[in-house]
Amino acid sequence: MSIRAALLIQRWYRQYAARLEMRRRCTWKIFQSIEYAGEQDQIKLYTFFGFLMDHFTPASSERNLISHIFRKNEFCHDTEWERYFCYKSIEVTDSYTGPHLTFPMTFCGVSKLVEAFKHKQQLHARYVLQLLGETWRLLRIFPNISQISAYHNKQITICGDLHGQLEDLLLIFYKNGLPSSEKPYVFNGDFVDRGKNSLEILLILFGFLLVYPNDVHLNRGNHEDHIVNLRYGFTKEVLGKYRVHGKKILKLLQKIFSWLPLATVIDNKVLIVHGGISDKTDLDAIARVDRHKYGSALTPPKPTKHAVNGSKTQTINNREACGPVEGRRRVCSLTYCSSGPAHRHDLPRRSLHNAHISSQLNWSLEKELKKRRRLAGFDQSYRELRTSDSDPESGETTETDVGEWKQIVDVLWSDPMAQNGCIPNEVRGGGCYWGPDVTEEVLGRHNLQLLIRSHECKQDGYEFCHNRRVLTIFSASNYYEVGSNRGAYIRMGPDLVPHFIQYQASRTCRELTLRQSVGWTERSALRALREQLFVHKSDLISAFQEFDPNNKGMISLRHWASATERVLNLGLPWRLLRPQHVSSTQCGMVDYQQWIRELSITEPKQEISDNSILETMYKNHSNLETIFRIIDTDHSGLISFEEFRQTWKLLSSHLQTEISDKAIADLAQSIDFNKDGVIDINEFMEAFRLVDISAHT
Amino acid sequence: MADSTQSAEAIVSDVHKKIRAAFEAFDYESNNTVDVREIGTIIYSLGCFPTQANLHDLIAEVEEDHTGYIHLDKFLPAMTKVLLDHKFPCIPEDLLLQAFEVLDKEKKGYLEPEELTKYMTQEGEVFTQEEMDEMLTALADPEKNLVYYKDLISQLTIDPDM
């Protein structure tokens with residue numbers, strides 16, 4: 001009897017566990033799709049700036065705005081910067097209760113700092129600038145590639161992305177010990193953004209770097225980039241924590257980021273970089289570049305043009321938001337274009353791909369690149385650009401510069417794929433996808449045996465691929481949501497065999513049952529997905545109505561899934577997601593109007609004359625925020641009406657949508673809640689934050 | 001709940017879509033193959049309740065000659081038949097409840113982890129230690145560390161229209 005009972009229960013339970021696993025996978029896919037789509041969005045921002053460049057003429061009415069965005073640097077020399085960053089005039093008053101630092105940094109000093117951050121204290125701006133200043137000075141003497149060794153039975157600890165999650169760093173230190181000469185560490189980039197303690201993590205890592213410069217190694221990640229930080233939260237964090245000195249701190253960090261080394265090599269056998277490689281990766285070339293020239297890895301290098309013809313042009317440093325003023329002559333590709341659409345069907349199908357979204361926005365990378373190339377006077381593909389004419393007047397953006405830049409972008413942004421070959425990474429918008437054959441070739445060429453990289457979140461904190469020649473290590477646990485994934489770090493001894501330690505920060509998630517944990521993560525993913533659904537509201541309704549010719553307002557669940565799949569084209573298994581998504585069903589039918597209403601929306605505070613502007617705004621709101629923050633050069637959080645209006649006009653002509661002046665004025669009015677003539681960026685974003693209408697537990 | 005006005009063709013097409021969707025979730029290389037070790041999860045997630053023996057038989061039918069991979073071309077027709085024939089129907093709640101009650105010899109209304117572990121890992125198609133640990137994490141009340149099976153069954157029933 002009990003055998004039969006056991007069999008039944010086993011059968012039931014295995015089924016149940018499998019369903020949970022399926023839900024977990026779908027949830028994962030959702031988060032990943034949205035994450036990569038966001039990064040892709042970021043790239044589109046650069047095409048927008050390119051568009052601005054191409055339309056820049058001295059006579060255009062928007063020239064104030066444009067030159068404002070593309071402002072030149074005020075200082076040129078490091079000594080001037082040092083004066084600007086000087087901390088000495090900043091006084092520490094008696095009311096300050098945080099830690100006091102003395103320099104040179106000592107182990108005690110950093111430990112004190114770690115303890116202080118554990119207790120949620122904030123470091124005084126004076127000490128922040130002092131610490132960062134020391135770090136900057138130190139980093140300038142480091143080579144692009146750190147060469148280290150696991151000799152004398154030293155175990156090297158290698159950590160991946162931390163993304164501002166201080167809990168995880170503290171957990172690693174707790175389990176593994178603090179960095180020291182006996183305990184060397186490599187941190188493989190992406191220390192900042194998304195989490196809310198990015199600055200604390202940086203200060204701790206830099207602190208240890210100052211104390212043990214030979215035993216702590218930091219690799220640059222794609223998020224160590226001030227433009228990316230504008231979008232993903234680090235800029236906001238710093239300005240929020242340091243209202244008076246935040247801008248200075250950010251500027252100094254910008255320099256520090258550009259001076260972070262690009263790679264670490266252990267015993268000439270193990271290569272550690274943040275993103276990965278491409279078929280062109282050449283460590284010798286990387287070792288030779290002037291890495292600090294590439295402030296934001298996603299914009300190609302500017303030519304340095306010295307004053308000629310008595311004109312007042314100044315040296316333009318490559319630190320600002322985008323491409324050079326000499327738009328006509330410079331190399332313009334942001335990613336290298338593929339030899340044609342031939343590769344597209346081979347792209348790893350794991351996320352929102354460019355096709356649907358970009359066509360929705362009338363805004364595709366290819367179209368933009370083509371147009372700009374045309375405007376720049378040549379139609380060749382990227383590969384042929386090296387033969388394009390060079391203007392003797394302009395400075396040279398040589399082929400070498402672009403080649404160098406590509407080396408860096410590839411190393412910071414690339415992802416591995418299962419298929420052979422090397423194709424542009426159109427999902428992220430930068431770097432490439434590289435296959436196992438490229439791994440073999442590049443490792444072979446450099447006589448290496450293993451590539452360790454990060455950049456991608458992995459459910460178990462780490463993952464091998466390419467015949468165990470590539471290892472991804474990711475150290476931010478619960479990255480997407482509580483319970484979504486474990487973090488991990490590597491310990492490696494002289495035998496160069498990686499050992500893994502996994503963990504999951506957050507007491508809450510350990511207390512959840514498996515089912516609750518999956519449910520929690522799932523709800524979070526679905527909330528994220530809601531925004532996508534909302535943005536496609538009108539298309540969804542049309543699609544639903546096709547299944548409802550008699551206008552009953554109800555369609556079957558099957559049709560719901562089919563229509564949603566068709567409109568969104570996300571490659572998500574809607575049939576599998578359905579039970580969690582559609583709560584109100586009767587007899588397997590969905591009231592689709594109700595469902596659409598239940599999607600989170602918020603009513604704008606005033607009537608807006610043009611409904612399409614609202615939709616456009618939703619579709620672009622994170623790009624908008626980034627643009628506004630760039631315009632807001634004094635980081636005051638405020639922009640003027642005029643700046644707002646000009647931005648919108650430019651954006652709308654770029655998007656090829658009609659937006660009337662009246663609509664913009666109405667919009668600005670409705671957002672200016674204080675009626676004081678300036679727009680508070682945070683308020684603006686809040687007004688369009690999607691709010692829960694239906695009560696979800 | 002099937003739409004009663006559906007033609008046989010539409011039903012089959014519907015089933016195909018379901019199978020494809022589940023399959024694709026594990027098709028990492030986008031080449032219509034999945035690792036044979038994942039096929040159980042796929043089959044279960046389609047609403048079936050096969051025994052391990054059932055699974056092995058089905059896998060033997062569709063596996064590509066010991067490569068460790070299963071191709072959609074073989075899986076699709078086999079799985080379609082399984083679904084259309086309702087070959088591995090779901091377990092009714094009352095039967096499941098009875099099964100738990102059989103194991104709960106003292107009629108306590110709950111099972112202790114050790115009790116459950118003993119049965120699951122020693123009788124029937126035994127669980128591995130990993131499966132057992134996972135089951136306890138999934139089913140045991142986090143505070144009392146007991147398996148209140150009556151509550152569980154009503155909370156975890158399968159959606160019939162899968």
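Here is the naming used below: chain letters follow the sequence lines, and residue numbers restart at 1 for every chain.
- The two residues Ala25(B) and Met22(A) come nearest to each other via the heavy atoms CB-SD, 3.9 Å.
- In the displayed structure, Lys458(A) atom NZ is contacted under 6.0 Å by more than 12 heavy atoms of other residues, nucleotides or ligands.
- Scanning all heavy atoms of the two residues, the minimum distance from Ala18(A) to Tyr44(B) falls at CB-CB, 3.3 Å.
- Lys87(B) NZ: 12 or fewer foreign heavy atoms inside a 6.0 Å radius.
- Here Glu125(B) does not pair with Arg11(A) in a salt bridge; the nearest charged N to carboxylate O distance is not below 4.0 Å.
- A distance of 11.5 Å separates CD in Gln15(A) from CD1 in Ile43(B), rounded to the nearest 0.5 Å.
- To the nearest 0.5 Å, the span separating CG on Leu95(B) from CG on Leu8(A) amounts to 5.5 Å.
- Contacts with chain A were tallied for Asn31(B), Leu96(B), Thr41(B), Thr51(B); Leu96(B) has the most, counting heavy-atom pairs under 4.5 Å.
- Separation of atoms CG (Leu116(B)) and OH (Tyr13(A)) is listed at 10.0 Å; rounding is to 0.5 Å.
- Across all their heavy atoms, Ser2(A) and Lys105(B) have their closest contact at CB-NZ, 4.4 Å.
- For a residue to count as touching a neighbouring chain, one of its non-hydrogen atoms must lie under 4.5 Å from one of that chain's; by this rule Gln52(B) touches chain A with the side chain only.
- Other residues, nucleotides and ligands contribute more than 12 heavy atoms inside 6.0 Å of the NZ atom of Lys108(B).
- With rounding to the nearest 0.5 angstrom, the CD1 atom of Ile9(A) is 10.0 Å from the CG atom of Leu139(B).
- A distance of 9.5 Å separates CZ in Arg4(A) from CD in Gln98(B), rounded to the nearest 0.5 Å.
- Here the shortest heavy-atom pairing between Ala99(B) and Ala5(A) reads O-CB, 3.5 Å.
- The contact between Arg14(A) and chain B is made by backbone and side chain atoms together, counting heavy-atom distances below 4.5 Å.
- For Phe88(B), no part sits under 4.5 Å from any heavy atom of chain A, backbone or side chain.
- Note: Val126(B) leads Ile42(B), Asp27(B), Asn54(B), Val126(B) in heavy-atom pairs under 4.5 Å with chain A.
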